[in-house]
J.: 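Have a look at this one before I ask anything.
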Amino acid sequence: MKEDMKFLRHLWKQGTILNYPLSLQLLNCSSRLCALKEAKANQFHSMTTAISLDVSLRENVKQMWDNSVGMAKGRDLFAEMSKWNVVSWTSMISKNAKGGFTDRALECFSQMQRVGVEPNEMTFSTMVGICRALRNIGYGMSLHCLILKKGFSCHSFIASGLISMYSKHDCVNEAWVVFNETPERDAVLWNSMIVGYAQNNLNGEAISLFSMMLLKDQEGIFSVNSFIITSVLKACGGVNCIRIGKSVHNYAIKLNYSSDVFVAVSIIDMYSRFGSVDRARHIFNQMGKRDLVAWNSMISGYAQNCYSTEAIELFYQLQSENFLPDESTFTSVLKALAVAANSVLGRFFHAKIIKGGYLLDVFVGTALMDMYSKCLDIEDAERAFKEMQRKNLVSFNALIMGYSPFGRYKEAIETYIDLLRENMRPDAFTLSALLSSCSELGALLEGTEVHAHSIKFGLDSNASVGNSLVGLYCKCNLTDNALKAFESVTTPNTMSWAGIISGFALNGEGENALKYFDKMLLSEKPNEFSLSSILKVLASWAATEHGRHMHAYVIKVGLESDIFVGSSLVDMYSKCGMIEDSSKVFTSMPKKNVISWNSMIMGYAQNGFSQKALCLFGEMKKLGATPTSVTFIGILLACSYAGLVSKGRHFFNMMVSDYRILPSVEHCTCMVDLLGRAGHLDEAETFLLNSQFSSEPSIWKSLLAACRVHRNSDIAIRVAEHCLHLEPHDSSTYVLLSNIYASKCLWAEVERIRILMREVGVEKEPGCSWIDIRNSMYVFISDDRFHSANEEIVTTLKTLIVQSKNASFSSMLGEFRL
DNA sequence: ATAGGGTTAG
């Protein structure tokens with residue numbers, strides 16, 4: 001400041017007349033008031049001109065002239081000011097806005113109108129630019145009104161600014177109205193609208209607008225420039241269609257824009273988004289001149305596509321070519337380490353970032369937190385969060401998201417409350433992250449409260465929030481609530497549909513799953529998830545015909561090579577008993593994962609092809625796939641059906657000791673079943689009592705069934721009484737126990753069971769089975785008179801009964817009959 | 001005076 005004054009004094013003494021920009025520059029420091037005093041003593045006209053531009057000092061200047069030189073000078077100044085005011089006011093507004101003094105810029109604008117100076121097209125253009133940066137669109141809208149009133153809306157550069165302003169504030173419709181009502185459209189106007197669409201994620205619209213532009217451009221009124229190419233490339237990156245992207249790329253080459261750094265960076269970014277890192281790298285390599293942004297975009301491309309080694313390599317290469325990494329570079333590097341969950345290198349870069357002083361940046365800080373939370377190191381993520389100087393909504397969201405894999409909804413909600421205390425407004429990310437924390441452990445109460453908040457903030461119509469709500473409610477078996485949440489979503493996406501369909505499928509509401517699948521087809525294409533869910537439903541129904549149709553449909557939509565769909569098809573066919581079709585699908589799958597292997601092994605096991613199941617298990621291990629808990633269910637099932645007792649014991653031990661898999665209810669049921677079927681009833685009972693599931697009724701019932709087969713009434717009585725103790729309302733156990741006592745002529749016990757049954761109020765649940773013929777379901781309930789079936793089925797059934805009696809199967813059915 | 005590239009979250 002002192003230096004400035006010295007310099008000024010020097011100039012004054014020399015009698016130099018300062019020109020306008022120089023004096024303004026000199027005055028643009030806090031020494032202005034001192035300068036005023038000096039100016040009072042020295043009469044430098046240019047000086048006062050510069051000062052008079054500053055609205056806040058204008059009055060002071062006038063007063064100064066009034067006091068020192070006399071009223072006349074002051075009046076002169078004022079008159080002069082009004083003479084060149086439009087330009088000076090406008091540049092004053094612009095200066096203030098650029099210096100970050102938005103309030104003063106707005107004040108200038110109203111003051112100039114108050115003193116009767118009419119804004120011109122430059123003033124309005126500047127003002128529109130300011131309104132674009134404002135938090136609120138209200139001021140911008142009233143400015144738009146003024147522009148319309150004063151008749152400035154026909155200027156295409158003002159219209160461009162308005163389009164940009166509206167689209168920045170998510171008002172694409174308003175932007176479109178401005179675009180549509182501007183008769184003379186130049187390249188900038190088209191570009192503003194294209195960018196506006198792209199910014200609001202309406203990439204398809206942006207691309208269509210571009211093609212519309214090309215059609216109109218035949219008259220040669222304007223031409224596509226490199227700005228437009230970059231914008232369109234950006235939009236291409238947002239649609240899942242590499243074909244369009246490639247043709248725009250070719251078009252850019254044709255127009256000779258491939259050497260433009262901006263264009264090249266957009267192409268790199270676009271290909272990275274498509275997952276074509278190699279193409280992106282090719283463009284990067286071919287660039288004649290690269291700036292830091294180009295390096296950053298390539299590093300980011302690698303990070304996005306999980307090529308973390310390449311990203312790090314590029315970081316070092318960048319340094320060796322004497323570029324100084326910036327915040328963006330570090331952000332991308334951290335992302336690369338986050339996707340690789342490499343906290344060792346992550347810490348190394350953390351240190352580097354601290355040393356370089358990059359930690360003040362919100363992006364870097366947030367990326368650092370995210371890196372730690374992706375490494376499941378929530379404590380360090382919390383620490384990084386606490387150490388951040390400036391936090392924004394994204395930083396809060398990142399922490400809340402960090403909690404969700406652990407289901408730590410309490411901490412997530414606490415962070416959310418902090419966010420509200422900071423006067424921030426949650427967005428869809430915040431709420432859906434909170435909801436996924438809640439659904440992890442089924443925290444329904446807290447989840448419902450978050451639901452209330454999402455309604456309060458108008459975010460329940462958002463697809464991500466809606467999807468999370470559907471997830472939470474489905475997890476808690478509340479499909480009605482899930483459906484309500486789903487229906488609040490304005491534009492459900494493919495995943496939304498998949499969510500509600502799978503929710504129905506998992507909660508045993510197959511009819512609803514199918515209903516919503518059909519509804520979805522009216523507006524959305526099915527994806528691998530919705531198809532898998534539907535196949536699961538059809539598998540559970542053993543709906544053969546429908547399943548075949550769905551398989552044909554899968555082929556039609558081109559998802560037959562998908563790993564999830566393929567596995568579901570394998571499962572569906574094997575549940576329908578069509579093991580050949582199942583194995584055909586399995587063999588033709590181009591890619592298999594552990595789920596596919598599991599489906600096929602389970603399919604073989606369930607259909608009694610134990611040997612094939614075990615062979616497949618061997619093959620799976622040979623190909624390097626690691627068996628999971630589900631694999632062993634299939635294997636133990638296969639052993640159980642084939643009576644391979646020692647193999648079963650062997651695989652069970654292998655699972656526990658080699659693969660460190662904790663035995664689940666299913667595994668224990670299989671083991672008890674295996675031992676029981678083979679007649680090792682004592683061993684089965686001991687196994688069960690020693691297992692974690694000794695109070696699980698279903699396993700005891702499977703042991704009871706084994707006792708029945710082996711006609712061991714002593715153990716059977718013990719086991720059945722235990723079953724009654726665990727499940728006093730299960731009618732089948734009463735019936736069975738009663739039968740056993742009856743077979744041993746223990747009539748008093750039979751009577752006791754009968755009384756007990758009446759006391760507890762148990763009624764026998766009717767047995768039920770069904771078959772699916774030509775897409776129709778025929779349900780049979782025991783003891784009914786076949787009223788629901790057709791003639792053909794009734795006749796066939798009667799024949800079957802006679803045949804089975806002749807084959808003396810009836811003797812087997814007669815055991816323990818009441 | 002209006003328009004274009006890379007950076008954080010699922």
Side-chain angles (χ1 to χ4, degrees), chain A residues 87 90-91 93-94 97 119-130 132 152 155-165 167 186-196 198 225-234 237 257 260-270 272 284 290-301 303-304 325-335 338 358 361-371 373-374 388 391-402 404-405 427-433 435-436 463-465 467-468 471 495:
Chain A
V87 180
T90 305
S91 59
I93 291 169
S94 157
N120 67 7
E121 65 274 15
M122 284 186 210
T123 324
F124 279 123
S125 188
T126 313
M127 284 309 295
V128 171
I130 292 169
R132 190 169 77 138
F152 283 98
H155 291 89
S156 71
F157 55 85
I158 292 179
S160 298
L162 284 170
I163 291 169
S164 181
M165 175 190 85
S167 35
D186 59 7
V188 180
L189 192 88
W190 282 95
N191 193 35
S192 299
M193 198 59 230
I194 293 172
V195 171
N225 61 23
S226 64
F227 282 70
I228 291 171
I229 291 293
T230 27
S231 315
V232 176
L233 283 166
K234 194 174 183 155
Y257 289 132
D260 185 305
V261 189
F262 279 67
V263 171
V265 167
S266 301
I267 293 171
I268 290 173
D269 190 47
M270 180 188 75
S272 301
F284 179 78
R290 298 184 198 116
D291 60 6
L292 185 61
V293 177
W295 284 89
N296 288 350
S297 73
M298 196 59 235
I299 294 176
S300 155
Q304 278 170 52
D326 68 355
E327 283 78 7
S328 178
T329 323
F330 281 110
T331 307
S332 295
V333 167
L334 285 172
K335 193 194 169 87
Y358 294 99
D361 185 79
V362 191
F363 279 66
V364 174
T366 308
L368 193 64
M369 280 172 59
D370 184 51
M371 186 272 295
S373 69
K374 289 272 161 59
M388 282 174 76
K391 294 165 191 151
N392 62 14
L393 183 61
V394 183
S395 336
F396 275 92
N397 287 352
L399 183 61
I400 293 173
M401 282 166 196
S404 59
D427 65 359
F429 287 113
T430 324
L431 293 169
S432 66
L435 288 165
S436 52
S464 303
V465 175
N467 296 352
S468 305
M495 284 294 177

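In what follows, chains carry the letters A, B, and so on, assigned in the order in which the sequence lines appear, proteins first and then strands, with residues in each chain numbered from 1.
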J.: Whole Å only: how far is the CE atom of Met371(A) from the C1' atom of dT8(B)?
T.: 13 Å
J.: Nearest whole angstrom, please: distance from the C1' of dG5(B) to the CD of Gln304(A).
T.: 13 Å
J.: Among side-chain atoms of Thr123(A) and Thr90(A), is any donor-acceptor pair under 3.5 angstrom?
T.: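 Present: a donor and an acceptor within the cut-off.
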J.: Under the criterion of centre distance below 5.5 Å and interplanar angle below 30°, is Phe363(A) classified as stacked on the base of dT7(B)?
T.: yes
J.: Can you tell which of dG5(B), dT8(B), dA1(B) lies closest to the side chain of Thr126(A)?
T.: dA1(B)
J.: Please enumerate all residues that pass salt bridge (charged side-chain N to carboxylate O under 4.0 Å, His left out) together with Lys391(A), with sequence neighbours excluded.
T.: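 Counting only residues at least two positions away or on another chain, Lys391(A) forms no salt bridge (charged side-chain N to carboxylate O under 4.0 Å, His left out).
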J.: Give the rounded distance in Å between these two atoms: CZ of Phe396(A) and C1' of dG10(B).
T.: 19 Å
J.: On the nucleotide dG10(B), are OP1 or OP2 found under 4.0 Å from the side-chain N or O atoms that Lys374(A) carries?
T.: yes
J.: Between dG4(B), dA1(B), dT7(B), spot the one nearest the side chain of Ser328(A), thanks.
T.: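 Closest nucleotide among those given: dT7(B).
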J.: Identify, with sequence neighbours excluded, every residue that meets ring pair (Phe, Tyr, Trp, His ring centres under 6.0 Å) alongside Phe227(A).
T.: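 Checked Phe227(A) against ring pair (Phe, Tyr, Trp, His ring centres under 6.0 Å); zero matches.
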J.: Test side-chain contact (heavy atoms from CB on, under 4.5 Å) on Val195(A) and Ser164(A); report intermediate values, then the result.
T.: CA-CA 8 Å; Val195(A) 171; Ser164(A) 181; over 6 Å; no
J.: Is any side-chain N or O of Asp260(A) under 3.5 Å from a base N or O of dG5(B), one able to act as donor and the other as acceptor?
T.: no
J.: Go through dG4(B), dT8(B), dT7(B) for me and flag the one nearest to the Phe227(A) side chain.
T.: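 Side chain of Phe227(A) sits closest to dG4(B).
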J.: Going by heavy atoms in the side chains, are Asp260(A) and Thr230(A) under 4.5 Å from each other?
T.: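 A side-chain contact under 4.5 Å is absent here.
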J.: I need the CG-P distance between Leu334(A) and dT7(B), as an integer number of Å.
T.: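 Between P of dT7(B) and CG of Leu334(A): 14 Å.
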J.: Checking only heavy atoms, does the side chain of Ser226(A) share a donor-acceptor pair with the base of dG4(B) at less than 3.5 Å?
T.: yes
J.: Rounded to the nearest Å, what distance is computed from the NZ atom of residue Lys335(A) to the P atom of nucleotide dA9(B)?
T.: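 About 4 Å, once rounded to whole Å.
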J.: Can you tell me the distance, in whole Å, between the CE atom of Met401(A) and the P atom of dA9(B)?
T.: 8 Å
J.: Among dT8(B), dT2(B), dT7(B), find the nucleotide with the atom closest to the side chain of Ser125(A).
T.: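 Nearest nucleotide to the side chain: dT2(B).
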J.: Would you indicate which nucleotide in dA9(B), dT8(B), dA3(B) comes nearest to any side-chain atom of Arg132(A)?
T.: dA3(B)
J.: Can you find a donor-acceptor pair, distance only, under 3.5 Å between Asn467(A) side chain and dG10(B) base?
T.: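 Answer is no: no donor-acceptor pair is held.
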